[in-house]
**Student:** 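Sharing a structure below in structure tokens format, with a few things to ask.
Side-chain atoms are counted along with the backbone in the values below, which use heavy atoms only and exclude waters and symmetry mates. Residues take their numbers from the sequence shown, with the count starting at 1.
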Amino acid sequence: MTARIALPEAGADGDVRIGPIERLHVVVPLSGHRVEVRMTRVQGVWLASASTVDGPTLGRNHSPYLALSQALEPLGGGLVDALQALALTR
């Protein structure tokens with residue numbers, strides 16, 4: 001999966017404005033171990049990155065649940081795991 005992020009163009013003053021950024025740190029129990037996931041919301045799009053031994057996984061969606069689910073899929077997780085993990089943080 002390839003994620004593409006469209007960055008806004010600079011304004012007349014040269015400053016780039018991307019709006020408010022929201023961040024979450026979520027720990028998801030999967031298969032007897034804990035997976036740390038960083039989530040960032042930029043311009044209404046959630047990016048989720050799960051730490052693994054082989055490197056990070058990535059999820060991208062307008063829904064935080066679906067972004068987290070995409071990041072957990074390579075680890076054997078899914079939407080139910082994402083719903084349970086995010087329910088504890090909200």
Side-chain angles (χ1 to χ4, degrees):
M1 171 199 327
T2 303
R4 295 177 189 207
I5 303 170
L7 297 176
E9 295 182 22
D13 56 3
D15 289 343
V16 175
R17 294 175 183 83
I18 59 173
I21 295 175
E22 185 176 348
R23 294 195 167 132
L24 293 173
H25 180 261
V26 183
V27 178
V28 183
L30 274 183
S31 305
H33 62 280
R34 297 164 32 119
V35 177
E36 293 191 27
V37 182
R38 292 157 311 284
M39 298 186 66
T40 305
R41 182 176 177 239
V42 180
Q43 293 186 329
V45 177
W46 282 96
L47 302 172
S49 176
S51 301
T52 72
V53 193
D54 298 324
T57 63
L58 183 66
R60 177 188 177 277
N61 202 289
H62 287 283
S63 162
Y65 303 104
L66 293 178
L68 180 55
S69 175
Q70 290 171 0
L72 295 176
E73 280 179 10
L75 307 171
L79 185 58
V80 173
D81 300 302
L83 292 170
Q84 290 173 344
L86 287 176
L88 298 174
T89 64
R90 299 245 165 186

**Student:** What pairs with L79 under side chain to side chain contact (heavy atoms under 4.5 Å, CB included), at least two apart in sequence or on another chain?
**Tutor:** Y65, L66, S69, L83
**Student:** Which residue in the set D81, V26, V37 passes side-chain contact (heavy atoms from CB on, under 4.5 Å) when paired with L86?
**Tutor:** V26
**Student:** What closest approach, in Å, do P29 and V27 show between heavy atoms, and which atom pair accounts for it?
**Tutor:** CD-O, 3.8 Å
**Student:** Of all residues at least two apart in sequence or in a different chain, which pass the side-chain hydrogen bond (donor to acceptor under 3.5 Å, both in side chains) check with H62?
**Tutor:** none
**Student:** When rounded to the nearest 0.5 angstrom, what distance separates CG in L47 from CG in L68?
**Tutor:** 12.5 Å
**Student:** Distance check, rounded to the nearest 0.5 Å: T40 atom OG1 versus R60 atom CZ?
**Tutor:** 13.5 Å
**Student:** Report the distance from atom CG of L72 to atom CG of L30, rounding to the nearest 0.5 Å.
**Tutor:** 5.5 Å
**Student:** Search all heavy atoms of W46 against all heavy atoms of A67 and return the closest pair with its distance.
**Tutor:** O-CB, 3.6 Å
**Student:** Hey, can you pull the donor-acceptor pairs under 3.5 Å for the side chains in residues 49-57, sequence neighbours left out?
**Tutor:**
from, atom 1, to, atom 2, distance (Å)
S49, OG, R38, NH2, 3.2
S51, OG, R38, NH1, 2.8
S51, OG, R38, NH2, 3.4
T52, OG1, D54, N, 3.3
T52, OG1, G55, N, 3.1
T52, OG1, G55, O, 2.1
T57, OG1, A71, O, 2.6

